[in-house]
Amino acid sequence: MDFLNDLNEAQRQAVESVEGPNMIIAGAGSGKTRVITYRLAFLMQQGLAESFELLALTFTNKAAKEMRERIEKIAGAEAKSIWMGTFHSIFSRILRVHAEKLNYTKDFTIYDSEDSLSLIKSIIKELKYDDKVHKPKSIQAQISRAKNFLIDAEEYKHKYVTDERTEVVSKVFTAYSARCFKANSMDFDDLLVKPLELFAAYPEILHRYQHQFRYIMVDEFQDTNYAQYLITRRLGAVHENICVVGDDAQSIYAFRGATIENILNFKKDYPDVKIHKLEQNYRSTSIIVNAANSIIANNQNQLEKNVFTENEEGDKVKLIVSENELDEARKVVDLIREQKQVNSFFHKDFAILYRTNAQSRSMEDALRKGGIPYRIYGGLSFYRRKEIKDMVAYLRMALNPRDEEALKRIINFPTRGIGPTSMNHLLATAAEWKVSLWEVLENAHKAGFSVMAENAILRFVNMIKGFQGAAQTETAFSAASYIAKHSGLLQEFHSDESMEGRSRWQNVQELLNAINEFTLNPEDKTPTLDSFLAEVALLTDQDEKDKNEDKDTVSLMTLHSAKGLEFNSVFLVGLEEGLFPGMMSIGSREELEEERRLFYVGVTRAMKKLQISYARTRNRFGSFTHNEPSRFIKEIKPTYLQPMSGDMQRNILQKIATTPMPQRRPGVKDPEPAPVGDFVGDDLSNLTNGMRIEHNKFGTGRVLQIEGREEDRKATILFDTKGEKILLLKYAKLRILPDN
DNA sequence: CGCCGGGGGTTCGGA
DNA sequence: ACCCCCGGCG
């Protein structure tokens, strides 16, 4: 057990205190992952539990994977059979085993939030509500919230309807639940709620798991919601060996139902809980740790702890002040270059973290121009692209033809003569017969479609049945290839010769490649389509493309996705009132405190160097906004801040430190009109073939050809990243680059 | 049927 | 700026 020697006293106690309820409050960078992995390895090596008797719930697939690998290193291959994964993946697995008990099939579909929103929109329309008054997104959020608190449609109807608004939510909620059920589909919330229903209805199933899971660990406990809390408590009720790990200072998911109450409830439910505090930070310099402490001290809601470090003092936090976001991005790039030189950092030592995905654009442009390799995490992930969702919809139909959202996507794509008229008739008939859309299609001859439509439907149904056959008998790859070809999807994208069409076709091919890889390396699963699909809905962009992981690139991501990661040098950009903290959160203390915790998460990602940055103006929602520096900048104790070189910037720093924060709502549009955008085009009358130019949107490129005269003068330009475009010079704003 | 342009709303984060 | 939705037209 010599691995225990790597631990400090608090860590070792947290590892060895395995019996009964335990709570580990783990400050940022305090070796939390190490404690969790050692604890699981310890349980196995002590002979206290077999690997399959351990349940470890993590927040992301990535965390699960990483921990599993680390345990394998200590405890060997046996670690493979630990039940380790996200709540959603573990319980979808369990639900598939017992699906029939809940009148689902094991091939039930998991609706992602897009699917569920689309269903809600459809229901609002069918119930003839005005979606301008009753916003689908808001109804979706309320339904989700209710479900997270284990309130079903029935209970909502009886206890929570108080006015017209909740009345509508209630009606939609009821219809939504029925439709999901009819479609043999579950949404993300169901993956947490249904296990509890299963356990309530079938105590013997609950007992089985209660006895099986001798030790339960829950990571990122501060980000669990009520349903997750209850699952944990139910499953742990027999052995009561539950260990929750978390940091209240890093709770950043209240917006989706996570509740800090869980930590308090845990203490209430298990009065004899042993509490461990990991307070020594091994990650960051003492300046960074202290700066982080000075920030979080502004929060009222927090557990008492004292995060400290014995690491070197390090550099002060650098404040970057810029005129606008382009300027900001350039400065970040310059600093990356400088630190690469001075500190011998690699590209992968850097992270640029922002509040909203939209902010990645300017950073991306600057990095590209500077020739610095980067990778963006998050944003529109592969599996959320249209063409991939289309392809996946076909695969879903092959396994679960009752899947209404998949059906709606593909029934007329590629076009096959089943238009809106037929679709409305289909929806109405399904409602009338109280069956799934698929059942109506199978019985189309009784449903009163036009002859044309009926024939088209017949062909569609036969096609899908063919796909079902392939899915049952063949490997995932061969079934998927068959489906891609015979659905007409590949043909459809292939015949689209635009850049976009080509990339869609390529993406579908890439999906097929991924399925092929899955078929060849099924790990411990069978390489059939259903096991592939079971994973897809729960994948996030963090999980895909692990192959690129060791590439030497700068990382760009939101603060939310940065949780759990660390980098030598971190840039926190866009520190402006209205952006971070966000406009919506300024009104309430709770929400502001969540933003502050998010800032704290960002600050504590940095190991050696931390830069925070704000721009005085920023192009947001299409127009320029003037912003005040974020209040969070002021909250860093000035002794930890580095005055920038140059008088102007020193003055700005003083201003931040001394002037009270104005109370007016930021983000107000600048009243001054033109010039719109600060991209000013050069005079293009001397533009000639071969010149290097820059376009605001398309980036840099080279002029291939110029034709036409005067008004009609057009240039064909090959852009470095966006391909060939023909621009009318009368309108195009081009900057002629000096390197001609 | 599908493309295009106009208009309105967005307004963050993600398993 | 972007996305979504809708209406008009080829």
Side-chain angles (χ1 to χ4, degrees), chain A residues 57-64 85-92 110-114 116-118 121 125 131-132 135-138 141 144 148 186-192 220 223-225 227-228 251-258 325 353-362 377-381 383-384 386 412-422 492 496 498 535-543 557-563 574 576 578-586 591 594-595 597-598 601-602 618-625 665-669 676-677 696-697:
Chain A
L57 299 163
T58 61
F59 194 69
T60 62
N61 295 308
K62 198 175 169 214
T86 61
F87 271 91
H88 292 85
S89 72
I90 294 284
F91 291 101
S92 69
I110 296 170
Y111 277 176
D112 63 21
S113 5
E114 258 174 85
S116 101
L117 186 65
S118 143
K121 279 182 187 163
K125 201 179 266 178
D131 65 1
K132 296 274 188 309
K135 305 258 171 64
K137 274 241 176 72
S138 142
S144 174
N148 286 161
M186 298 196 195
D187 66 14
F188 283 136
D189 301 321
D190 287 329
L191 296 180
L192 307 174
E220 308 285 8
D223 288 329
T224 54
N225 62 34
Q228 289 168 317
S251 159
I252 54 176
Y253 284 95
F255 72 91
R256 71 174 206 220
E325 73 267 33
L353 309 180
Y354 34 79
R355 179 67 180 84
T356 68
N357 277 312
Q359 289 166 259
S360 70
R361 182 66 60 86
S362 52
Y377 295 75
L380 196 55
S381 90
Y383 285 96
R384 291 201 345 223
K386 182 201 173 295
N412 205 30
F413 185 79
T415 320
R416 48 174 73 87
I418 310 176
T421 317
S422 309
E492 173 78 16
D496 179 353
S498 64
E535 288 182 18
V536 165
L538 298 172
L539 282 183
T540 63
D541 42 277
Q542 308 272 327
D543 306 315
M557 67 187 89
T558 63
L559 287 148
H560 280 90
S561 355
K563 193 167 73 163
E576 293 134 40
L579 182 60
F580 190 26
M583 197 134 49
M584 312 298 283
S585 54
I586 289 175
E591 288 181 59
E594 176 146 314
E595 294 281 293
R597 292 192 294 266
L598 191 55
V601 166
R618 186 175 292 274
N619 205 339
R620 270 190 101 194
F621 301 133
S623 52
F624 270 93
T625 55
R665 299 271 286 199
V668 179
K669 273 184 201 167
V676 181
N696 192 15
K697 205 157 122 218

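In this text, all values refer to a predicted model and were calculated from it rather than measured experimentally.
- Under a 3.5 Å cut-off, the side chain of A:Asp223 and the backbone N or O of A:Ile252 do form a donor-acceptor pair.
- Taking the C1' atoms as reference points, C:dC6 lies 23 Å from B:dT11, given to the whole Å.
- The interatomic distance linking A:Asp189 (CG) with B:dA15 (C1') rounds to 10 Å, in whole Å.
- Side-chain N/O atoms of A:Asn357 include one lying less than 4.0 angstrom from OP1 or OP2 on B:dG13.
- Minimum heavy-atom separation, A:Gly574 to A:Leu579: O-CD2, 3.5 Å.
- Per the geometry, NZ belonging to A:Lys137 stands 14 Å off P belonging to B:dG14, to the nearest Å.
- Here B:dG14 is the nucleotide among B:dA15, B:dG13, B:dG14 with the atom lying nearest to any side-chain atom of A:Tyr253.
- Note on A:Ser561: a side-chain N or O is less than 4.0 Å away from OP1 or OP2 of B:dG14.
- Residue contacts for A:Pro581: at a heavy-atom cut-off of 4.0 Å it reaches no nucleic acid atom on any strand shown.
- One atom, CD of A:Gln228, and another, P of B:dA15, lie 12 Å apart when rounded to the nearest Å.
- A:Leu559 CG to A:Arg597 CZ: the interatomic distance, rounded to the nearest 0.5 Å, is 14.0 Å.
- A sub-4.0 Å separation between OP1 or OP2 of B:dC1 and a side-chain N or O of A:Asn412 is present.
- Nucleotide B:dG14 holds its C1' atom 14 Å from the CG atom of A:Leu191, rounded to whole Å.
- Between A:His560 and A:Pro414, it is A:Pro414 whose nearest contact on DNA chain B lies nearer the 5' terminus.
- The two residues A:Thr86 and A:Phe59 make their nearest non-hydrogen contact at CG2-O, 3.5 Å.
- Relative to the ring axis of A:Phe413, A:Lys386 places its NZ or CZ within 45° and under 6.0 Å from the centre.
- Scored by the side-chain contact (heavy atoms from CB on, under 4.5 Å) test, A:Thr558 finds A:Tyr354, A:Asn357, A:His560, A:Ser561 as partners (sequence neighbours excluded).
- At whole-Å resolution of the value, NZ in A:Lys386 and P in C:dC2 are 20 Å apart.
- A:Ser585 comes within 4.0 angstrom of nothing in the nucleic acid, heavy atoms only.
- Nearest to the side chain of A:Lys135, among B:dA15, B:dG13, B:dG9, sits B:dG9.
- Ranking B:dA15, C:dA1, B:dT11 by closeness to the A:Asn619 side chain, first place goes to C:dA1.
- Counting non-hydrogen atoms under 4.0 angstrom, A:Phe59 reaches the backbone sugars and phosphates but no base.
- Put simply, the side chain of A:Leu191 reaches to within 4.5 Å of the side chain of A:Leu538, judged on heavy atoms.
- Here A:Lys62 does not reach the OP1 or OP2 of B:dA15: none of its side-chain N or O atoms lies under 4.0 Å away.
- Here the P atom of nucleotide B:dA15 and the CD1 atom of A:Ile252 are 11 Å apart, to the nearest Å.
- With sequence neighbours left out, the side chain to side chain donor-acceptor pair (under 3.5 Å) criterion links A:Asp190 to A:Lys147.
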Got a list of protein N/O to nucleotides 4-7 of chain C N/O distances below 3.5 Å?
{"unit_1": "C:dC5", "atom_1": "OP1", "unit_2": "A:Lys121", "atom_2": "NZ", "d": "3.1"}

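- A sub-4.0 Å separation between OP1 or OP2 of B:dG14 and a side-chain N or O of A:Thr558 is present.
- Phosphate contact (OP1/OP2 of C:dC2, side-chain N/O of A:Arg361, threshold under 4.0 Å): present.
- Atoms CD (A:Glu220) and C1' (B:dG14) sit 13 Å apart, rounded to a whole Å.
- When rounded to the nearest whole Å, the span between CD1 of A:Ile110 and P of B:dA15 equals 14 Å.
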